[in-house]
Protein chains: 4
Amino acid sequence: MTKATNTTRSEPQWSSRKEEIVDRAFEIALESGFAGLRMRLLAERVGVTEGALYRHFSNKEAILLALAARIEGRLLVPIRKIASGAEDSPREKLEKILRHHVRTLIETRSLPLLLVGEASFSEHEELRLRMGGIISSYQSILSTLVGQVGGQGEGELEPREMALLLMGLPAAVALSHPLLPDEKLESRLVDYVVPEYVRLLLPGERRSV
Amino acid sequence: MTKATNTTRSEPQWSSRKEEIVDRAFEIALESGFAGLRMRLLAERVGVTEGALYRHFSNKEAILLALAARIEGRLLVPIRKIASGAEDSPREKLEKILRHHVRTLIETRSLPLLLVGEASFSEHEELRLRMGGIISSYQSILSTLVGQVGGQGEGELEPREMALLLMGLPAAVALSHPLLPDEKLESRLVDYVVPEYVRLLLPGERRSV
Amino acid sequence: MTKATNTTRSEPQWSSRKEEIVDRAFEIALESGFAGLRMRLLAERVGVTEGALYRHFSNKEAILLALAARIEGRLLVPIRKIASGAEDSPREKLEKILRHHVRTLIETRSLPLLLVGEASFSEHEELRLRMGGIISSYQSILSTLVGQVGGQGEGELEPREMALLLMGLPAAVALSHPLLPDEKLESRLVDYVVPEYVRLLLPGERRSV
Amino acid sequence: MTKATNTTRSEPQWSSRKEEIVDRAFEIALESGFAGLRMRLLAERVGVTEGALYRHFSNKEAILLALAARIEGRLLVPIRKIASGAEDSPREKLEKILRHHVRTLIETRSLPLLLVGEASFSEHEELRLRMGGIISSYQSILSTLVGQVGGQGEGELEPREMALLLMGLPAAVALSHPLLPDEKLESRLVDYVVPEYVRLLLPGERRSV
DNA sequence: TATGAATGAGGTTTCATTCAT
DNA sequence: GATGAATGAAACCTCATTCAT
């Protein structure tokens with residue numbers, strides 16, 4: 001008899017209002033970007049009045065931060081789990097990470113990375129810091145793994161630089177995919193292009209084999 | 001026949017006001033992003049009132065389109081010139097293009113690519129199309145050149161996919177640089193990382209050597 | 001038969017919650033004035049939710065009225081007691097009253113009189129009436145005492161006018177003290193300036209001496 | 001044919017919009033106090049939309065400050081002129097000042113001093129400072145004049161304290177008059193009570209005469 | 001009694017755009 | 001070409017109050 005009981009399929013069972021708000025905010029940002037996230041629209045989607053949103057978040061900024069946290073959860077947390085796994089080699093980890101990243105970007109219409117772009121100019125400092133933190137964490141995970149791969153004998157590119165290159169593929173997908181969706185390419189990206197990319201960038205092991 | 005041709009006597013230089021408006025718009029977008037471009041602020045910077053802007057552009061969207069055109073001018077036009085040059089090999093051309101792109105991004109705080117991101121969500125359809133056009137042109141230039149390099153014997157990656165990878169480096173720079181500026185990395189990017197990246201991605205030459 | 005009488009078993013002390021609410025309301029008004037008294041803040045200070053306040057007071061206005069009553073209690077009740085005392089002369093009573101008033105104003109950051117000002121503009125008619133009643137009572141107490149002092153031979157100023165002048169000192173303190181606190185002056189006010197003021201305004205005794 | 005030409009009697013000829021806004025704001029504050037001054041109502045009274053107000057004042061606070069300046073103009077400026085006059089004795093100046101002050105308070109329903117009260121709690125720091133400045137200036141004018149009167153042989157009260165007492169009469173009027181208007185008293189205040197008050201407070205000269 | 005969520009009206013402010021001059 | 005005032009819609013946010021539990 002509680003409100004939570006008469007769930008329809010669109011209400012994931014135990015989502016408190018707070019979570020539901022973030023869910024809907026994510027949806028809207030997916031459609032219209034960070035800047036298109038208006039409190040009025042959000043309230044409508046949630047099915048309450050605007051004032052009600054402020055019971056759960058003190059600010060619009062607080063909602064944006066929760067969104068950032070959610071993105072972190074979808075993107076960074078799985079990546080951290082992959083990186084800390086015990087079974088895979090560093091090279092395999094890198095490959096898995098990139099595949100996860102690219103897949104997520106395609107699923108979310110590149111939202112995560114595009115939000116990084118929007119955050120660069122945001123007036124909300126905390127949001128900017130948070131987004132910078134996500135990028136920074138991501139790159140240091142990649143750097144560490146690159147360092148563990150080793151093997152680029154002549155030591156041409158530093159791990160940090162290699163990490164940047166590895167992030168390049170998701171970045172390129174993020175920027176070009178929403179404007180120029182290409183289903184054929186999309187289907188090959190995760191399973192084919194990513195592994196090949198890793199192979200090209202980190203040829204060390206190949207030689208050693 | 002270009003728009004700049006129908007100058008009246010009061011515009012001795014080529015429609016100076018119009019150009020100046022776009023100049024200042026570019027400046028502002030550099031500082032505050034697309035969304036931070038307010039008509040009021042723009043008018044102030046130009047040194048006129050808001051109403052005056054509407055003598056030169058019928059819309060804010062018209063100004064955004066002019067901005068897109070300017071970005072095209074700084075980014076795509078030089079790239080086209082490089083691509084159509086007669087002296088360099090395709091590989092050299094690709095390298096030059098990437099160096100130009102990365103250099104421009106660093107100079108412009110990544111504005112061009114970030115604007116692509118913002119445009120993805122824009123409500124102005126024409127702007128979205130134009131930005132899509134820039135990306136698309138860029139990628140087809142890269143694809144063509146990759147095709148001319150040839151040599152990836154087993155034909156693992158298609159030119160279009162390779163083009164995406166090549167665009168990855170600038171994309172990664174665009175996304176990470178504004179939030180996490182890194183001067184040491186920056187100084188090595190253009191002259192060192194880019195050539196190495198091209199060498200890794202297009203190993204054809206290596207065999208031929 | 002008073003409202004406080006119908007206590008239920010859950011209110012062992014005399015309607016403690018109600019009292020506490022007014023206490024906290026007084027505190028807040030002391031800090032932020034009448035206008036700064038928000039139901040939300042009040043609830044927080046009391047340690048309950050906003051809805052709970054409406055169990056004890058039907059309105060915000062009801063709380064404001066209770067506040068006015070409390071001010072009456074701190075200001076007017078002691079003054080009435082002084083005025084009805086049997087031992088002092090009318091002149092001594094006036095002096096005691098003014099000293100009490102000034103002391104209270106300093107202790108309460110002038111809240112009582114400033115609230116009078118705010119109440120002048122209040123949309124709550126009952127509150128306005130109540131505040132007017134406080135002022136009015138105060139002045140008639142003063143008038144009566146002034147009449148009892150007698151002695152202004154030529155009958156220049158009527159008691160009511162003299163009462164207004166006597167209220168002038170507290171009023172001036174109320175208006176200037178919160179904006180321009182002056183500790184040196186403050187320490188002399190109660191024990192020195194007030195008696196001197198009474199002596200100057202009611203020179204009757206001087207002649208008799 | 002300009003808009004200013006078709007003046008009705010209610011438009012004082014050369015009031016720019018900016019001045020008109022302050023005029024209307026003053027009117028509203030007179031009716032409903034500082035807190036009752038809503039941008040919407042103000043815009044209605046001026047006959048424009050809310051947005052238009054922001055062409056002339058960047059803030060609501062800016063309007064409040066303009067209001068404070070206007071009060072300063074009506075109250076403090078004439079008082080300064082009186083104080084710096086060459087013909088009157090200090091005692092006469094004090095009397096004139098108090099008469100001007102009391103008259104103004106009655107005309108303006110005590111707005112100036114009540115605004116001081118409201119400003120004490122205002123969240124607008126600049127407004128608080130400004131109001132404090134007005135009070136402070138006023139008191140130092142009074143103090144100076146009191147010092148010039150001299151003559152309180154035994155030196156009982158310091159000029160600053162005497163200034164506070166002098167301000168007491170206007171203050172009492174301000175606080176009691178709006179809540180308890182009294183026409184009979186009002187008519188005697190300016191011409192009768194004020195001079196008598198000065199005579200009582202500053203008896204020095206009387207002796208010397 | 002109390003909670004916690006919600007409402008609805010209203011608050012200040014911003015912004016692209018228009019228009020008479 | 002340009003100004004300066006104005007508009008109207010929409011933005012974020014606050015607050016007293018209500019109500020099911």
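In this text the structure is predicted, and so the values were computed from the model without any measurement. In the text below, chain A, chain B and the rest are named by the order of the sequence lines, each starting its count at 1.
Residues that satisfy the side-chain hydrogen bond (donor to acceptor under 3.5 Å, both in side chains) test with R109(B), not counting sequence neighbours, are absent from this structure. Taking the side-chain contact (heavy atoms from CB on, under 4.5 Å) definition, one finds that A62(B) meets it with F57(B), S58(B), N59(B), sequence neighbours left out. Under the side-chain hydrogen bond (donor to acceptor under 3.5 Å, both in side chains) criterion, E72(B) pairs with no residue, sequence neighbours left out.
The interatomic distance linking K60(C) (NZ) with dT18(F) (P) rounds to 14 Å, in whole Å. Rounded to an integer number of Å, the gap from E61(B) CD to dC15(E) C1' is 16 Å. Atom CD1 of I63(C) is separated from atom P of dC15(F) by 15 Å (rounded to the nearest Å). Atom pair I21(B):CD1 and dG1(F):P shows a separation of 10 Å (rounding to whole Å applied).
When side chains are defined from C-beta on, L53(C) does not count as touching K60(C), because their heavy atoms never get closer than 4.5 Å.
Nearest approach of A66(B) to V22(B), heavy atoms of both residues: CB-CG2, 3.8 Å.
Remark: nothing in residues 34-45 of chain B comes within less than 4.0 Å of DNA chain F through any heavy atom. For the segment residues 23-33 of chain C, the set of residues with a heavy atom within less than 4.0 Å of an atom of DNA chain E is empty. Taking a 4.0 Å limit (strictly below) on heavy-atom distances, residues 48-56 of chain D reaches DNA chain F at V48(D), T49(D), G51(D), A52(D), R55(D), H56(D).
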Sequence neighbours left out, cut at 3.5 Å: what donor-acceptor pairs do the side chains of residues 120-128 of chain D make with other protein atoms?
{"unit_1": "S120(D)", "atom_1": "OG", "unit_2": "V116(D)", "atom_2": "O", "d": "3.0"}
{"unit_1": "S120(D)", "atom_1": "OG", "unit_2": "G117(D)", "atom_2": "O", "d": "3.2"}
{"unit_1": "S122(D)", "atom_1": "OG", "unit_2": "H124(D)", "atom_2": "N", "d": "2.8"}
{"unit_1": "H124(D)", "atom_1": "ND1", "unit_2": "E61(D)", "atom_2": "OE1", "d": "3.4"}
{"unit_1": "R128(D)", "atom_1": "NH1", "unit_2": "S122(D)", "atom_2": "O", "d": "2.7"}

Which pairs would a plain distance check flag for residues 28-49 of chain C, meaning a side-chain donor or acceptor within less than 3.5 Å of a matching protein atom at least two apart in sequence or in another chain?
{"unit_1": "E31(C)", "atom_1": "OE1", "unit_2": "R45(C)", "atom_2": "NH2", "d": "2.9"}
{"unit_1": "E31(C)", "atom_1": "OE2", "unit_2": "R45(C)", "atom_2": "NH1", "d": "3.3"}
{"unit_1": "R38(C)", "atom_1": "NE", "unit_2": "A35(C)", "atom_2": "O", "d": "3.4"}
{"unit_1": "R38(C)", "atom_1": "NH2", "unit_2": "A35(C)", "atom_2": "O", "d": "2.7"}

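Counting only Watson-Crick and G-U wobble pairs whose two key distances fall under 3.5 Å, DNA chain F forms stems of three or more stacked pairs at E:2-21 with F:2-21.
The shortest distance between the side-chain N/O atoms of N59(B) and the OP1/OP2 oxygens of dT17(E) is below 4.0 Å.
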